[in-house]
Amino acid sequence: MTNRFLCVLQMELEALRSIYEGDLCFRELSPVSFQYRIGENGDPKAFLIEVSWPETYPQTAPVISMDAFFNNTISSTVKQSILDKLMVEVEANLGTAMTYTLFEYAKDNKELFMENQPVNTVTSASNSIAIGTPDVPASKKKDKKEQLSKTQKRKLADKTDHKGELPRGWNWVDVIK
């Protein structure tokens with residue numbers, strides 16, 4: 001690698017670190033490999049993109065992967081569709097620093113990328129747990145009432161009427177002339 005390419009990579013690395021500082025979606029795996037989560041944690045249409053720079057980057061395309069465990073719920077056709085759309089963006093930006101551009105492109109087009117992804121509201125793991133376990137432990141559990149001392153009970157009785165309610169205007173502020 002020439003010094004010019006090293007300088008470009010170093011500048012892009014510094015830019016990524018400063019742009020995504022404090023962003024929980026961004027993760028630097030190594031100085032040449034990055035992950036970005038598109039969407040919120042609980043979002044069923046969220047996905048994770050991993051971008052790695054080969055030695056000849058930015059003259060050649062970065063390696064883009066969606067093989068992370070986070071993406072296991074996404075169908076392989078949707079993953080391939082996302083990768084194909086990202087590769088079109090890579091071709092348009094070849095020769096320039098493009099990692100930030102790819103992440104922002106994916107964020108801007110998340111709905112378009114995931115339009116063919118079915119949304120499963122019930123996962124198979126929670127389904128099997130619900131079928132296999134009876135509700136006996138939940139029905140045996142009773143709510144504990146707050147325990148008050150005698151003095152606390154007296155003070156409460158002095159403040160309330162015979163129904164246990166506070167009198168009207170108990171929290172009003174006196175107007176001072």
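Values in this document were obtained by computation on a predicted structure and should not be read as measured data.
- A donor-acceptor pair under 3.5 Å is absent between the side-chain atoms of T56 and the main chain of Q59, judged by distance alone.
- Using cut-offs of 30° and 60° for the angle between ring planes, the F26 and Y20 rings count as parallel.
- Between K85 and L112, the closest side-chain pair of non-hydrogen atoms falls below 4.5 Å.
- Of all non-hydrogen atoms in T60 and L94, the two that sit nearest each other are C-CD1, 3.8 Å.
- Using a distance-only test at 3.5 Å, with no hydrogens or angles considered, no donor-acceptor pair links the side chain of N71 to the main chain of F47.
- When every heavy atom of A15 is checked against every heavy atom of S18, the shortest pair comes out as O-OG, 3.0 Å.
- Hydrophobic clustering (ILVMFWY, side-chain heavy atoms < 4.5 Å, transitive): V32 and I19 are in one cluster.
- Considering every non-hydrogen atom in both Y36 and D23, the closest pair reads OH-OD2, 2.9 Å.
- Counting only heavy atoms from C-beta outward, the side chains of Q35 and F70 never approach each other to under 4.5 Å.
- One finds a salt bridge joining E104 and K107 here, because a Lys/Arg side-chain nitrogen approaches an Asp/Glu carboxylate oxygen to under 4.0 Å.
- In this structure, T99 and L16 have side chains that are in contact, with non-hydrogen atoms separated by less than 4.5 Å.
- Between F113 and Y105, the distance from one ring center to the other falls under 6.0 angstrom.
- In plain terms, the two heavy atoms of I82 and M66 that are nearest each other are CG2-SD, 3.6 Å.
- Note: the hydrophobic cluster containing L29 does not contain Y100 (ILVMFWY, side chain heavy atoms under 4.5 Å, direct or indirect links).
- Looking at V51 and M98, their side chains never come closer than 4.5 Å, going by heavy atoms from C-beta outward.
- Without hydrogens or angle criteria, Q152 side chain to S149 main chain gives a donor-acceptor distance under 3.5 Å.
- Counting all heavy atoms, side chain and backbone alike, K110 lies closest to K45 at CE-O, 3.5 Å.
- Note that the CD atom of E50 and the CG atom of D67 stand 8.0 Å from one another [nearest 0.5 Å].
- Although no hydrogens or angles enter the test, the distance criterion places no donor-acceptor pair under 3.5 Å between the side chain of S33 and the main chain of S30.
- Between the OG atom in S65 and the NZ atom in K79 there is a gap of 8.5 Å [rounded to 0.5 Å].
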Given the rule in the side chain to side chain contact (heavy atoms under 4.5 Å, CB included) test, do I49 and L102 qualify, once you have shown the distances and angles that lead to the verdict?
-> CA-CA 9 Å; I49 297 174; L102 292 174; over 6 Å; no
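- Residues A106 and L86 approach most closely at CB-CD2, 4.4 Å, considering heavy atoms.
- No continuous path of hydrophobic side-chain contacts links L48 to I74 [ILVMFWY only; heavy atoms under 4.5 Å].
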